[in-house]
Number of protein chains: 2
Amino acid sequence: MSKEIKKKPQLELNPNVSVDCVIFGFDFDKLNVLVINRSEKEGIQWALPGNLIYDAEHLDEAANRVLEELTGLKKIYLEQIGAFGDPNRISKESDRSWLQSIRAQPEARVITVAYFSLVKMEDYQPQPSSFATSAEWIPVNEIRELAFDHFEILQAAKARLKQMIKIRPIGFNLLPEKFTLSQLHKLYEAILDKPLDKRNFRRKIQKLKIVYSLKEKQSGVPHKPSQLFSFNTEHYLELTQTGYDNFGF
Amino acid sequence: MSKEIKKKPQLELNPNVSVDCVIFGFDFDKLNVLVINRSEKEGIQWALPGNLIYDAEHLDEAANRVLEELTGLKKIYLEQIGAFGDPNRISKESDRSWLQSIRAQPEARVITVAYFSLVKMEDYQPQPSSFATSAEWIPVNEIRELAFDHFEILQAAKARLKQMIKIRPIGFNLLPEKFTLSQLHKLYEAILDKPLDKRNFRRKIQKLKIVYSLKEKQSGVPHKPSQLFSFNTEHYLELTQTGYDNFGF
DNA sequence: TTTGAAAGTGTTAAAATGACACCAAGTAAT
DNA sequence: ATTACTTGGTGTCATTTTAACACTTTCAAA
């Protein structure tokens, strides 16, 4: 806040292009999305965190910036979903006034480039940010409506994540360093939105060798403590380098 | 050409957003891409067909429009790849002057939304278009360089097509109404960029029931004439409705 | 000590995959 | 008419992958 402007040569906002982020988190039970609250008088209206980009900014940088501004998280898994640009997307009156409040020209045609990212929920406990009244984790499946075309973007993000996890083991970005196979199992079920047989799942994961078992076990649970595992980065890199592209879920 | 301007209320070009199309065609041997020629004095510089969008236009509409302006083809298979927007993408001097010639502000930061589309080459024989000196089909694998960031876009398009064809039988958009299994086979090999066993390929295709055999055969070929097939649209729709998402190539 | 709750483990039948080689049917050349 | 050439078309088998399925273990709490 107290910093000088002009870290970068051109700090011109581009009024036509924004980025929006679909930030997924996993609470060991279901997928959640980070949304910001515009707190209209008439009810609550949620939106995806996003903002206009600077003229001199790469799109990916802009997405990282927005994410960091909101959550303080850097260098996390972030992937482009695509561009969305219905010229009539700013349909509701509330959308218009909201845009005005964050210095965008409400009349301008804005296309938005959507990203999705996967974060460890433990790494971010929402706090009100600079321009959003509040940010909150909401279970994906409870969301029925969002501002602008954000609901459409969310659907696309879910579909993309589902597709992606069949191809690359990106789910680990949603889990802590140490996790149990049951947690991983639930995560896959949540993303793929279908039950997976426990034994078949475990067999498949083990055969892929993308996790390795730690010497440590869970403790303090009122049932048999489970083995802890970590993600095997090296083997993952091998796989992706050989063009491996199917995890068969 | 002789039509009145103003079919749509606002015909303002948006100087910040363009669409570029990667148009694939198949010559029964390899994949080709439609490129336009900027015919600089110093050598030839190819680019992907693209243009700025209108303010009042959906992105998908813009892509369709650009495609139709260039090829006259309507309602063909078209899918978004994503947004590309290195602020420094207009690096070469030749790029700058080219942009000037098509009424874009060369200094403006442009992000471009890339699409790929699949067309039957027989349906389009390139002719010089309004602003391009010429358009040409070029084998994908012979392309080493393109204007702006178009080469990067092409790579992304190839990767996306490869990924997509494993999930949906979109290859049929590249073939004529009637085709042989060998042609389909070659098409899959070209897209996946690896050899596929003939018998295994045929078995898989037949089991999917996405083609049906016509009563007709090839004629005029200096070898055993092959059975002709057509794409089974109905069965394809069934598959996609049931969420089927793996063709297992 | 009992109860509850999640962890962990193996087999089998069915389906999918990958590797592999020969004959058939046409045209063109002699 | 025969031959050569070219591409079309076909089946089997061994291996791997998948999907379905149930019971015992281990801990904390009552």
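Chain letters run A, B, ... following the sequence lines, proteins first, then strands; residues in each count from 1. Here the structure is a predicted model, which is why all the values come from computation and not from measurement. Computed over heavy atoms, backbone and side chain alike; hydrogens, waters and symmetry mates excluded.
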(request) Determine, step by step, whether A:Asp60 and A:Tyr115 satisfy the side-chain hydrogen bond (donor to acceptor under 3.5 Å, both in side chains) criterion, reporting the C-alpha distance in whole Å, the side-chain angles of both residues, the deciding distance to 0.1 Å, and the verdict. (result) CA-CA 9 Å; A:Asp60 291 0; A:Tyr115 284 78; 2.5 Å; yes
(message) Please determine whether a side-chain nitrogen of the Lys or Arg among B:Lys178 and B:Glu216 lies less than 4.0 Å from a carboxylate oxygen of the Asp or Glu.
(response) yes
(request) Could you grab the distance from atom CG of B:Asp149 to atom CD1 of B:Ile153, nearest 0.5 Å is fine? (result) 4.5 Å
(request) Find the distance between CD1 (A:Ile210) and CD (A:Glu238) and round it off to the nearest 0.5 Å. (result) 12.5 Å
(request) Flag the pair B:Phe179 / B:Phe28 as yes when their ring centroid distance falls below 6.0 Å, and as no otherwise. (result) no
(message) When the axes are fitted on five pairs at both termini, how much does the helix from C:dT1-D:dA30 to C:dT30-D:dA1 curve, in 10° steps?
(response) 0°
(request) For side chain to side chain contact (heavy atoms under 4.5 Å, CB included), just list the numbers for B:Leu174 and B:Leu187, CA-CA rounded to whole Å, side-chain angles, deciding distance to a tenth of an Å, and then say yes or no. (result) CA-CA 8 Å; B:Leu174 290 161; B:Leu187 173 56; 3.6 Å; yes
(message) Contact between A:Glu152 and A:Leu154 at the side-chain level, heavy atoms closer than 4.5 Å - yes or no?
(response) no
(request) Would you give a per-nucleotide map of nucleotides 12-22 of chain C, 5' to 3', where B means the base has a protein non-hydrogen atom under 4.0 Å away, S means only the sugar-phosphate does, and - means neither? (result) -----BBBBB-
(request) Using ring pair (Phe, Tyr, Trp, His ring centres under 6.0 Å) as the criterion, list what pairs up with A:Tyr236, not counting sequence neighbours. (result) A:Phe231
(message) Evaluate A:Phe26 against A:Asn32 for side chain to side chain contact (heavy atoms under 4.5 Å, CB included), listing each step before the verdict.
(response) CA-CA 6 Å; A:Phe26 182 61; A:Asn32 290 61; over 6 Å; no
(request) Identify the two heavy atoms, one from A:Ala63 and one from A:Cys21, that lie closest to each other, and give their separation to 0.1 Å. (result) O-SG, 4.0 Å
(request) Pull out every residue in residues 213-229 of chain A that has a heavy atom closer than 4.0 Å to any atom of DNA chain D, ordered by number, or say none. (result) A:Val221, A:Pro222, A:His223, A:Lys224, A:Pro225
(request) Run the numbers on B:Asn173 and B:Ile76 for side chain to side chain contact (heavy atoms under 4.5 Å, CB included), then give the verdict. (result) CA-CA 8 Å; B:Asn173 296 290; B:Ile76 60 178; over 6 Å; no
(request) Can you tell me which residue pairs pass the ring-ring contact (aromatic ring centres under 6.0 Å, His included) test with a partner in residues 199-225 of chain A, sequence neighbours excluded? (result) A:His185-A:Phe201, A:Tyr188-A:Phe201, A:Phe201-A:Phe249
(request) Walking along DNA chain D from 5' to 3', note the first and the last nucleotide with an atom under 4.0 Å from a heavy atom of chain A, and give both. (result) D:dT18 to D:dA28
